[in-house]
Every structure is written in structure tokens, then in C-alpha cells.
Amino acid sequence: MKTSLPGFALIGALLATLTLPAGAALTEGAAAPDFEARASLAGKAFNYSLKTALRKGPVVVYFYPSAYTNGCNLQAHTFAEQHDKFAAAGASVIGVSLDSIARLNEFSADPDYCAGKLAVASDADGRIARAYDLTVRERAAGRKDTRGADIDHASVERVTYVLTPDGKVAATIGGVAPVANVEKALETVQRLAAGRSAR
């Protein structure tokens, strides 16, 4: 059986799209929607501005379903562990979920997860997630978090966007496990940093 090179290219393109979630339409080079939100760092609420953060360098905006759930706990812990590497590459990280700011105050200070190093923003009405073309799923009745408390909010799919300082999408990362999500985000910001230093 003869297979043409364009056929291989098509298969490669299809495999590449498997890492993207079905709802994520923001692709590399797209303009990222600006947003402001109440956020928490180390248990203290503050007003987060994406525009202000981008003035300092690349920003990793990572959307996750809910604080205090298994995958999200692991992802937050991994981002917190890698905090210094992101900072060394000149990048900042903001997590976004539909959790209330009260839940995020606890989560951001929790030494097992955000550990006071990772800022997380409240998108309680899903407005930011929808602006980023992500799927928001309504709350499933009776769901509990890892502490046994009710999950009283909708959830968003797990997708990470790496944004360049001009507000463009450098990478869209979805459809991978929480730790791999963080690793791919770190690889991207380190690649951006290497490109800047090579100029």
C-alpha cells in the first residue's frame, strides 16, 4: 500500500489537534481577551488585571474545573512547585475557575496546593471562560470536593493558554493530564525566554 507524504501531514495535523479540547477555539496567534477579576494569593483577595500582568512579561492563564478536586489539586501543586522556573523565564501564572473568592482564599493559602505561591482568580459567572471559547458545564448535584464539602458552582474544562506580552496566544494546552499541562506551559515560556535572549 502506497501512502503519500500529504497523507502523513494530514495524520500529523489530526494528531496535533487531539491535544486541544473540543471547545477551545483560541489558537496560536489569536488575540487573548483581556479580563479583570477578583483573585487570591496566599489567602488574600485582590483585583487581578491581565493587562497589567502582561506589561511584566508572558502570562500563563490556566483554566481548571474546581479547587479541591483531585486533578486540580495536583495541577495547582505542580504550578506552585515550578513557580521559580516560571518566574526565571519572566512569566507569571494565574489560575481561573468558577469557584467563589471565599473558596479560592482557602485554596490559594493551602500548603498542599497553591502554597501561597500561585494566584487563582474567580470567574463565578463563567464570563472569562466563555470569552476564551471554553465549555462551561453546569454543576452536577451532590458532587463533593476532596474535603467533603459541596461543589456549589459550574466548572470549566482544563485548558491552559500561554500569552505573549502583546496579548497573543503562544500556545493552547488541553487534553493532557494535569502535570503534563504544567510541563508543556513551562516548556513554552522557557522557549519564549530563549527566543528573547537570542535577539
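- Note that CD of Glu36 is 9.5 Å distant from CD1 of Ile128, once rounded to the nearest 0.5 Å.
- Annotation: salt bridge (charged side-chain N to carboxylate O under 4.0 Å, His left out) contacts involving residues 76-89, sequence neighbours excluded, are absent.
- Side-chain N or O atoms of Thr78 include none that pairs as donor or acceptor with a backbone N or O of Val179 at under 3.5 Å.
- Scored by the side-chain hydrogen bond (donor to acceptor under 3.5 Å, both in side chains) test, Arg38 finds Asn47 as partners (sequence neighbours excluded).
- By the 30° and 60° cut-offs, the orientation of the rings of Phe86 relative to Phe79 is tilted.
- In this structure, CG in Asn105 is found 12.5 Å from CG in Asp110, a value given to the nearest 0.5 Å.
- Closest approach of Gly116 to Leu41, counting heavy atoms only: O-CD1, 3.6 Å.
- For the atom pair Ser108 OG and Tyr113 OH, the distance stands at 14.0 Å (nearest 0.5 Å).
- A donor-acceptor pair under 3.5 Å is absent between the side-chain atoms of Asp145 and the main chain of Thr69, judged by distance alone.
- Taking the six-membered ring where the residue is Trp, Tyr161 and Phe63 present perpendicular rings, their angle passing 60° and hence far from 30°.
- Side-chain atoms of Arg103 come within 3.5 Å of backbone N or O of Ala67 as a donor-acceptor pair.
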>> The test is side chain to side chain contact (heavy atoms under 4.5 Å, CB included); show your working for Val59 and Ile94 and say whether it passes.
In response: CA-CA 7 Å; Val59 176; Ile94 183 73; 4.1 Å; yes

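- Across Cys114 and Ala76, no two heavy atoms sit closer than the pair SG-CB, 4.0 Å.
- Although no hydrogens or angles enter the test, the distance criterion places a donor-acceptor pair under 3.5 Å between the side chain of Asp125 and the main chain of Arg127.
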> What's the verdict on side chain to side chain contact (heavy atoms under 4.5 Å, CB included) for Ser100 and His153, showing C-alpha distance, side-chain angles and the deciding distance?
Replying inline: CA-CA 8 Å; Ser100 68; His153 58 84; over 6 Å; no

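- One finds a salt bridge joining Asp150 and Lys144 here, because a Lys/Arg side-chain nitrogen approaches an Asp/Glu carboxylate oxygen to under 4.0 Å.
- Counting only distance, with no hydrogens or angles, the side chain of Thr164 and the backbone of Ala170 share no donor-acceptor pair below 3.5 Å.
- The main-chain N or O of Asn73 is never found under 3.5 Å from a side-chain atom of Tyr68 such that the two would form a donor-acceptor pair.
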>> Would Asp112 and His77 count as a side chain to side chain contact (heavy atoms under 4.5 Å, CB included) here? Give the steps.
In response: CA-CA 7 Å; Asp112 291 328; His77 176 78; 5.6 Å; no

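- In plain terms, the two heavy atoms of Pro165 and Pro58 that are nearest each other are CG-N, 3.8 Å.
- The closest side-chain heavy-atom distance from Leu192 to Val162 is below 4.5 Å.
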> Taking it one step at a time, do Thr146 and Asn70 satisfy side chain to side chain donor-acceptor pair (under 3.5 Å)?
Replying inline: CA-CA 7 Å; Thr146 52; Asn70 289 323; 5.4 Å; no

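- Note that the OG atom of Ser66 and the CZ atom of Arg137 stand 13.0 Å from one another [nearest 0.5 Å].
- Scored by the side-chain hydrogen bond (donor to acceptor under 3.5 Å, both in side chains) test, Glu28 finds no partners at all (sequence neighbours excluded).
- Between atom CD1 of residue Ile101 and atom CG of residue Asp123 there is a gap of 11.5 Å, rounded to the nearest 0.5 Å.
- Pairing each heavy atom of Leu186 with each of Gln82, the nearest pair is CD2-OE1, 3.8 Å.
- When all heavy atoms are compared, the tightest approach of Tyr48 to Ala39 is CB-CB, 3.8 Å.
- Side-chain N or O atoms of Asp99 include none that pairs as donor or acceptor with a backbone N or O of Leu104 at under 3.5 Å.
- Atoms CD and CG, on Gln75 and Leu118 in that order, are 9.0 Å from each other to the nearest 0.5 Å.
- Only one option out of Ile173, Asn181, Leu134 pairs with Val159 in a side chain to side chain contact (heavy atoms under 4.5 Å, CB included); it is Leu134.
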